[in-house]
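Before any comments, here is the structure.
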Amino acid sequence: MINSNSILVPIPALFSFQECVWFLNRNYDDCLHEIREGDVYKALEVNGQMLLIRISENGAFLEIELLEGDIDEEGKANLVAYVREWFDMDNPIQPFYDLLQSDGRLAYMTESYKGLRLIGISNLFEAICWSIIGQQINLSFAYKVKRALVEKFGNKITRGGQSYYVFPEPGLLAEVSKEELKAIQFSSQKADYMIGIARAFASGTLSKELIVSLPDFEARKKALTVHKGIGVWTANYALMKSLREPQGIPYGDIGLLNALANHNIIQDRKELGKIDALFSQYAGWESYLVFYLWRSLTVRDSA
DNA sequence: AACCAGGCGCATG
DNA sequence: CATGCGCATGGT
C-alpha cells in the first residue's frame with residue numbers, strides 16, 4: 001500500500017536489495033538497524049527530530065516508509081538521498097563486475113554476490129568510533145560494545161514496544177568520563193581515543209565537511225591520522241565507508257588478509273607485493289574489492 | 001587453555 | 001622505513 005508517507009526509489013542495474021539486506025543481517029548483532037521479514041527498519045535523527053523508516057522491495061522500486069515522525073518535502077528528499085547513499089544506489093558498478101569477470105579467482109563473485117553494494121556509514125563520527133571499537137577485537141564482541149555505547153548514550157524512538165537507536169552525538173560523548181566507557185568494556189586506550197575524537201568533532205576541529213574539502217586522498221588520510229586512535233587501518237576504513245573513497249583500502253586488516261589467503265592470492269600475511277599487484281588491477285574499485293572479499297568471509301546460511 | 005581478533009601508539013634499530 | 005611490544009578482553 002502506497003500512501004503519502006511512502007516513497008518509491010527506482011532500483012538501478014546490478015542492485016540486489018536482498019544481497020544488501022543479507023549483509024546488514026549477517027551473523028552479527030548490529031544495534032543501528034533491525035531486519036524483520038526481509039525489511040530494514042532504521043531510526044534517523046533529522047534536525048533534532050527522531051524518525052523511524054522501513055525500507056522494503058516493491059517491484060522495481062525500493063519503498064521507503066516513514067513509520068514514525070513527520071517531515072516536509074525537503075525532508076523527504078533528504079531521506080531519499082540518505083537511502084540512496086547508504087546502499088550506494090547511484091554508483092554504476094558494471095566496470096567493477098567487468099574486472100571481476102576477467103579475474104579467474106574472483107569471477108564467481110559476480111554471480112554469488114550479484115547486486116551487493118558497498119553499504120556505507122554516512123556519519124563520519126560514527127564510522128570512526130566504530131572502527132576504534134573494532135580495533136583488534138573480534139567482531140562479535142565489538143558489536144556488543146557498540147550496542148552498550150549506543151543504548152547508553154544514543155537517542156531512541158519507540159514503536160510497538162521496540163526501541164530503535166541512533167548513534168550518540170559527539171557533543172555528548174565529549175563529556176563522558178573514561179570510567180563510564182570502561183564500564184561498558186572499552187579498554188583504557190580506546191576510551192581515551194573515543195573521547196578525543198568526540199571532542200574533535202564537538203569543537204569542529206574534525207568534521208566530514210572539513211575532510212571532504214581537502215584536495216586529495218592523501219591529504220584526507222593525513223587529516224584523519226593526526227588524531228590519536230586513528231591509524232592507517234581506521235583512516236582507510238572511514239574513507240571507504242563514509243566518504244566512499246575507492247582507494248580506501250584498510251591495509252593490514254585481518255579479515256582482508258584471511259580472505260586473500262582463502263582465495264590463494266597470498267600464502268602469508270607479509271606478501272604485500274602480491275596485495276598491491278591485485279589492487280592495482282582494480283584501480284578505482286579497490287574499496288569495492290575489499291568489501292566483496294569481506295563478504296566472502298561469511299558463508300550464506302542455506303536455510 | 002591457548003591463541004586469536006575487521007590495530008594503535010610509542011620506542012628502537 | 002621496519003620491527004617489537006603492551007594494551008585489554010571476549011570468542012572459539
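Letters A, B, ... are given to chains in the order of the sequence lines, protein chains preceding strands, and every chain is numbered from 1.
A gap of 16 Å separates the P atoms of B:dC3 and C:dC5, to the nearest Å. Comparing B:dA11 with C:dA8, their P atoms sit 16 Å apart, to the nearest whole Å. Atom P of C:dG10 sits at a distance of 23 Å from the matching atom of B:dG9, rounded to the whole Å. For the P atom pair drawn from B:dC4 and C:dG4, the interatomic distance equals 16 Å after rounding to whole Å.
Relative to the six-membered ring of A:F217, A:R220 misses at least one condition, a distance below 6.0 Å or an angle of at most 45° to the axis.
Between A:N258 and B:dC4, a side-chain N or O to OP1/OP2 separation shorter than 4.0 Å is absent. A sub-4.0 Å separation between OP1 or OP2 of B:dG7 and a side-chain N or O of A:R269 is absent.
The nearest pair of heavy atoms linking A:M50 to A:Y164 is CE-O, 4.2 Å.
Under the 4.5 Å side-chain criterion, counting only non-hydrogen atoms from C-beta, A:E85 is not in contact with A:Y82.
Straight-line distance from the CG atom of A:L224 to the P atom of B:dC8: 12 Å, rounded to whole Å. Rounded to an integer number of Å, the gap from A:I133 CD1 to B:dC8 P is 14 Å. Atoms CE (A:M194) and C1' (B:dG7) sit 17 Å apart, rounded to a whole Å. For the pair A:N236 CG and B:dG7 P, the interatomic distance rounds to 13 Å; values are reported in whole Å.
Here the two rings, on A:Y292 and A:F96, have centers that are under 6.0 Å apart. Side-chain rings of A:W130 and A:Y143 approach one another, their centers coming within less than 6.0 Å.
A stem is defined here as three or more consecutive Watson-Crick or G-U pairs, each with both distances under 3.5 Å; for DNA chain C these stems are B:2-5 with C:9-12, B:7-13 with C:1-7.
Taking every heavy atom of residues 197-207 of chain A and every atom of DNA chain C, no pair lies under 4.0 Å. Across residues 112-125 of chain A, not one residue has a non-hydrogen atom less than 4.0 Å from an atom of DNA chain C. Residues of residues 225-235 of chain A that place a heavy atom closer than 4.0 Å to DNA chain B, in numerical order, are A:H227, A:K228, A:G229, A:I230, A:G231, A:V232, A:W233, A:T234.
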Counting only pairs under 3.5 Å, give me each side-chain donor-acceptor contact of residues 194-202 of chain A, with atom names and distances, residues two or more places apart or in other chains.
unit_1: A:R199; atom_1: NE; unit_2: A:A174; atom_2: O; d: 3.1

Intermediate values then yes/no, side chain to side chain donor-acceptor pair (under 3.5 Å), A:D103 and A:Y282: CA-CA 10 Å; A:D103 187 334; A:Y282 285 84; 2.8 Å; yes
Tabulate atom names and distances for all N/O pairs under 3.5 angstrom spanning the protein and nucleotides 6-9 of chain C.
unit_1: C:dC7; atom_1: O2; unit_2: A:Q189; atom_2: OE1; d: 3.3

